[in-house]
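Being a predicted model, the structure only gives us computed values, none of them experimental. Every number for a ligand or one of its atoms is a count from 1 in the order of the listing.
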Amino acid sequence: MENRTIGVAILGLGTVGLGTWKVLNAQKDEMVHKLGATAEVKKILVRNVAKAAERTGHPELITNDWQEILNDPSIEIVIELMGGIEPARTYIGEALAAGKHVVTANKDLIASDHGHLMEVAKQHGCDLMFEAAVAGAIPVITPLKQSLAANHLTEVMGIVNGTTNFILTKMAQEGMEFSEALALATELGYAEADPTADVEGLDAARKVAILASIAFNSRVSFEDVSTEGITGITANDIRYAKEMGCCIKLIGMAHSEGEGIEAYVAPMLIPLGHPLSTVNDSYNAVFVRGDAVDNAMFLGRGAGELPTASAVAGDVFEVMRNLVHGCCGRVSCTCYKELPIVPMEEVRSRYFLRVLVEDKIGVLAMIANEFAGHRVSVQQMIQKERINDCAEIVVITDRVCEGDFKKAVHCIAEKPNTRKVEAVIRVYGE
Ligand SMILES: NC(=O)c1ccc[n+]([C@@H]2O[C@H](COP(=O)([O-])OP(=O)(O)OC[C@H]3O[C@@H](n4cnc5c(N)ncnc54)[C@H](OP(=O)(O)O)[C@@H]3O)[C@@H](O)[C@H]2O)c1
């Protein structure tokens with residue numbers, strides 16, 4: 001078989017960069033059979049040259065000079081694994097303008113600059129691929145852009161942050177409180193020293209922006225995605241969820257019936273019969289609903305050295321295949337619509353409310369009246385435990401507008417007999 005050698009450069013040799021270096025080396029003998037080409041890593045860009053030289057055992061490949069890579073015509077593919085916005089955005093833009101193809105795992109950059117970078121790639125007939133930017137190892141970008149392209153998709157929802165899924169799993173399975181589960185996640189290396197981006201849902205929101213843009217062929221940016229994290233979820237909420245036959249997951253939701261796009265991240269009660277309820281620990285999953293495919297779920301490792309490198313290397317193989325067959329730039333930007341983002345007040349969901357009220361006659365009627373007055377239809381209202389002189393009331397609503405529901409809860413919270421609104425959580429389903 002003919003074997004073409006394709007020069008590649010890796011920018012960044014951290015967790016994913018090192019994993020990609022290992023996977024490309026492990027595939028060296030196979031590539032020619034799979035692709036008709038072999039990838040040769042020509043340069044690795046880092047800040048700390050000595051550390052990278054030691055990690056790879058190849059000091060001759062390591063540089064901290066981007067121009068060396070940009071000006072080397074034998075480098076046809078640039079693999080960006082540094083993370084962050086700058087200098088990644090500049091380097092990717094310059095690489096594409098120089099006719100080099102780009103593979104990246106950079107969700108921050110793709111969520112904010114996807115449209116611009118895809119346009120630059122198109123202008124220069126280049127590939128720009130980013131499978132690893134959403135849900136790590138799990139193939140979801142390519143399936144959405146290609147395998148499921150013949151669908152009208154209505155929903156792409158998922159567990160797209162492993163750290164929060166690990167925390168919620170520990171809370172559910174071992175009865176831990178949030179702070180205890182977060183401490184364990186940090187100790188085991190699942191949570192970063194500053195866990196804000198994970199626990200506040202910001203990391204998941206970046207992935208929702210990317211998924212929604214591709215699923216609905218219309219640009220959704222990070223700022224369009226409303227975000228709610230899991231810091232307010234308690235072991236008590238999880239216990240109540242269990243009683244109702246549900247678990248609590250941090251869900252990234254992108255929904256569209258064709259006229260507008262709902263895009264948000266929020267903790268949600270998921271019925272135990274739903275496939276996402278079985279996704280535990282640091283696993284990720286993306287659940288897709290379409291007119292032809294019906295329902296499909298993609299499950300796997302959402303992060304980690306080799307799992308993420310698997311997705312990066314898969315993209316590199318795809319670019320190599322395109323180079324061998326002279327068909328780069330085949331799959332470019334798929335956002336050809338301009339759908340509005342549905343304001344959160346208009347998004348319809350079912351809700352779970354837990355509220356502590358004084359244990360007095362008429363309090364249940366007060367809650368029912370406030371909901372009725374704000375067009376919120378109640379499916380169930382249960383009086384749970386008595387705590388001192390208070391009663392704990394749990395309410396499950398039908399599907400209602402978020403704006404109406406929030407106004408009703410605000411009014412209930414202001415009533416003299418209300419001690420505390422303990423929890424407000426969305427419930428998935430009709
Ligand atoms: N980790 C995961 O499991 C995972 C999963 C999915 C996606 N991702 C994405 O993959 C990317 C890489 O993540 P990571 O976890 O591998 O990061 P990381 O471990 O922090 O590694 C970053 C690497 O980039 C290098 N670097 C950073 N800024 C640089 C600059 N200005 N010039 C040259 N080199 C620079 C660093 O070099 P020095 O060490 O010399 O400073 C380091 O080698 C990010 O976009 C991340 O969001 C990661």
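- The heavy-atom pair separating I167 from A185 by the smallest distance is CG1-CB, 4.1 Å.
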Worked check of ring pair (Phe, Tyr, Trp, His ring centres under 6.0 Å) between H255 and Y264: CA-CA 9 Å; H255 182 93; Y264 57 91; 9.1 Å; no

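- Ring planes of W21 and H58: perpendicular class, angle over 60° (limits at 30 and 60°).
- Between H114 and F130, the two ring planes are perpendicular [angle over 60°; tilted spans 30° to 60°].
- Atoms CZ and CD1, on R89 and I110 in that order, are 11.5 Å from each other to the nearest 0.5 Å.
- Cation-pi geometry between R350 and Y428 is not met: the NZ or CZ atom fails to fall both under 6.0 Å from the ring centre and inside 45° of the normal.
- Protein residues lining ligand 1, listed by chain and number: G12, L13, G14, T15, V16, L45, V46, R47, N48, K51, L81, M82, G83, P87, A105, N106, K107, A132, A303, G304, T308 [non-hydrogen atoms, distance under 4.0 Å].
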